[in-house]
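Order of appearance sets the numbers: ligands from 1, and atoms from 1 within every ligand. Atoms considered below: every heavy atom in the structure, side chains included; atoms not considered: hydrogens, waters and symmetry mates.
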Amino acid sequence: MTRLVALLGKPLRRRHSQVMHDAAFDAAGIDGRYVLRELDEVEVPGAVAEARGPGWLGLGVTAPYKRLVASLCDEVEADAQAIGAVNNVVRGEDGRLTGINTDAPGFRAGAESVLGAPLRGAEVVIAGAGGAARAVAYACLRAGVARLTVGNRTPEAAEALAAQLGAIGVTRAEPVALGSDGFARAVATADLAVNATTVGMVDPGATIPVGLLPAGAAVFDLVYVPAETPLLRAARERGLRAANGSEMLIAQAAAAFERWTGVGGMAGVMRDAVAPLLADPGAEA
Ligand code: NAP
């Protein structure tokens with residue numbers, strides 16, 4: 001029987017996940033397929049119920065259904081509960097569905113790679129307070145960062161993020177308005193600056209004033225299309241270490257694949273498979 005995983009979302013513009021997971025199924029010798037299901041909200045409960053059936057390994061979940069699908073699972077792991085979003089679902093032997101979040105470990109892998117050091121003890125500033133920013137902030141707090149500042153265009157969303165996550169360890173997120181003096185002060189002492197907004201992908205421009213960053217800082221942009229955003233270009237022109245969101249994308253996918261199949265170590269296979277799409281977004285058509 002072909003084992004199935006379906007990605008639920010709307011719109012589904014990208015094939016990156018499908019290409020990575022299908023390559024991993026092939027490499028692992030598993031008769032499996034990762035299918036894309038662009039659904040209206042009313043269709044989501046039915047698609048989740050279907051994934052309880054035999055043959056299913058689980059689901060991938062993307063915007064705008066990361067909260068809705070959490071409410072349809074039998075259980076949601078503590079990390080995903082704290083983040084408030086499920087980006088994958090694992091089907092148990094008995095058809096029970098568990099909501100998980102692999103964006104947080106995916107971010108940590110990507111961020112520590114560009115930082116060249118553990119996140120523990122680092123000063124981090126995040127632009128954004130949406131779903132991805134919540135996973136990033138949670139990963140930072142769990143990793144034991146020394147300071148975490150969250151700047152958002154709509155400051156109320158940054159305040160809500162900080163209140164929702166609370167203190168983990170000794171650190172809590174400090175909410176500020178993007179572009180405020182408080183945000184600039186945090187950028188001026190940051191070890192790592194993260195863009196977790198859609199700016200650079202959807203809107204032109206950059207969220208982090210790169211000129212204010214200390215000389216040894218690193219910049220991590222969650223956006224991976226285009227491969228080089230204005231933020232990354234400005235960081236590299238200043239000689240700062242800089243990375244886009246592709247390693248996070250690969251790391252979160254490899255973590256999900258391991259949870260579905262028990263087969264780990266697929267990041268390299270996934271990286272090779274998705275490389276053409278990352279190099280040339282036009283190759284998606
Ligand atoms: P989301 O929940 O819709 O949040 C969007 C965020 O962007 C909000 O903080 C929003 O601020 C901000 N924003 C949008 N337009 C802006 C503008 N013109 N100026 C300033 N801020 C603006 O989206 P998300 O799911 O968090 O995704 C955010 C980004 O992360 C996307 O580019 C996505 O592709 C990327 N991502 C990457 C990975 C990966 O694996 N690499 C994983 C997840 C997400 P307001 O609150 O003020 O609207």
Atom 33 (C) of ligand 1: closest protein heavy atom, distance to 0.1 Å, is Met201 CE, 4.5 Å
Near Gly245 (heavy-atom distance under 4.0 Å), the atoms of ligand 1 are 39 (C), 41 (N)
Q) Is Arg14 close enough and on-axis enough to Tyr224, meaning under 6.0 Å and within 45°, for cation-pi? A) yes
Within the 4.0 Å heavy-atom cut-off, what Asn152 brings close to ligand 1 is side chain
Ligand 1 atoms nearer than 4.0 angstrom to some heavy atom of Val223 are 32 (O)
Atom 42 (C) of ligand 1 sits nearest the protein heavy atom Met248 CE, 3.7 Å
of all protein heavy atoms, closest to atom 5 (C) of ligand 1 is Thr198 CG2, 4.4 Å
For Val86 and Ala70 the tightest heavy-atom approach is CG2-CB, 3.7 Å
Short version for Tyr224: what comes under 4.0 Å of ligand 1, heavy atoms counted, is side chain
Hey, does Arg153 come in under 3.5 Å of ligand 1, counting only N/O atoms on both sides? yes
Query - Heteroatom proximity flag, Lys66 to ligand 1, N/O under 3.5 Å - result: no
- Task: For the pair Leu59 and Leu7, evaluate side chain to side chain contact (heavy atoms under 4.5 Å, CB included) and give the outcome as yes or no after the intermediate values.
- Result: CA-CA 6 Å; Leu59 297 167; Leu7 175 66; over 6 Å; no
Val223 and Met201 have their tightest heavy-atom pair at CG1-CB, 3.6 Å
CA sep, side-chain torsions, deciding dist, call: Tyr138, Phe107, ring-ring contact (aromatic ring centres under 6.0 Å, His included): CA-CA 10 Å; Tyr138 178 78; Phe107 163 75; over 10 Å; no
Any protein heavy atom lying closer than 4.0 Å to atom 3 (O) of ligand 1?
no
| field | Flag for Thr102-Asn87: side-chain donor and acceptor within less than 3.5 Å | value | yes
Atom 25 (O) of ligand 1 sits nearest the protein heavy atom Ala132 N, 3.9 Å
Is it true that Glu38 and Arg13 make a salt bridge, defined as a side-chain N closer than 4.0 Å to a carboxylate O? no
*asked:* With a cutoff of 4.0 Å, is Ala196 in contact with ligand 1, counting heavy atoms of the residue only?
replied: yes
Atom 15 (N) of ligand 1 sits nearest the protein heavy atom Asp203 OD2, 3.4 Å
* Would Glu228 and Arg236 pass as an ion pair if we require N to O under 4.0 Å? -> yes
Notebook entry, point to check: Is there a nitrogen or oxygen of Gly131 sitting under 3.5 Å from a nitrogen or oxygen of ligand 1?
Noted result: yes
Nearest heavy-atom approach of Ile100 to Ala80 is C-CB, 3.9 Å
Numbered in order shown, the ligand 1 atoms found under 4.0 Å of a heavy atom of Gly130 are 2 (O), 4 (O), 9 (O), 26 (O)
Using a strict 4.0 Å threshold on nitrogen-to-oxygen distance, state whether Asp74 and Arg91 make a salt bridge. no
A student checking ligand 1 against Leu178 at a 4.0 Å heavy-atom cut-off should list atoms 20 (C)
Counting heavy atoms under 4.0 Å, the part of Val202 that contacts ligand 1 is neither
For residues 159-174, the side chain to side chain donor-acceptor pair (under 3.5 Å) pairs (sequence neighbours left out) are Arg147-Glu174
The answer for which part of Thr197 has a heavy atom under 4.0 Å from ligand 1 is both
- Query: Applying a strict 4.0 Å limit to heavy atoms, is Val199 in contact with ligand 1?
  - Reply: yes
If we number the atoms of ligand 1 from 1 as shown, the ones under 4.0 Å from a heavy atom of Gly128 are 9 (O)
For Leu97 and Cys73, the nearest pair of non-hydrogen atoms, with its separation, is O-CB, 3.7 Å
Residues 256-276 vs side chain to side chain donor-acceptor pair (under 3.5 Å), sequence neighbours excluded, gives Glu77-Arg259, Glu247-Arg271
Among non-hydrogen protein atoms, atom 37 (C) of ligand 1 lies closest to Leu222 O, 3.3 Å
Exercise. Does the pair Asn195 and Thr229 meet the rule for a side-chain hydrogen bond (donor to acceptor under 3.5 Å, both in side chains), with working shown?
Worked result: CA-CA 10 Å; Asn195 175 49; Thr229 58; over 6 Å; no
Here the atoms of ligand 1 under 4.0 Å from any heavy atom belonging to Thr154 are 45 (P), 46 (O), 47 (O)
Gly106 touching ligand 1 at heavy-atom level, < 4.0 angstrom: no
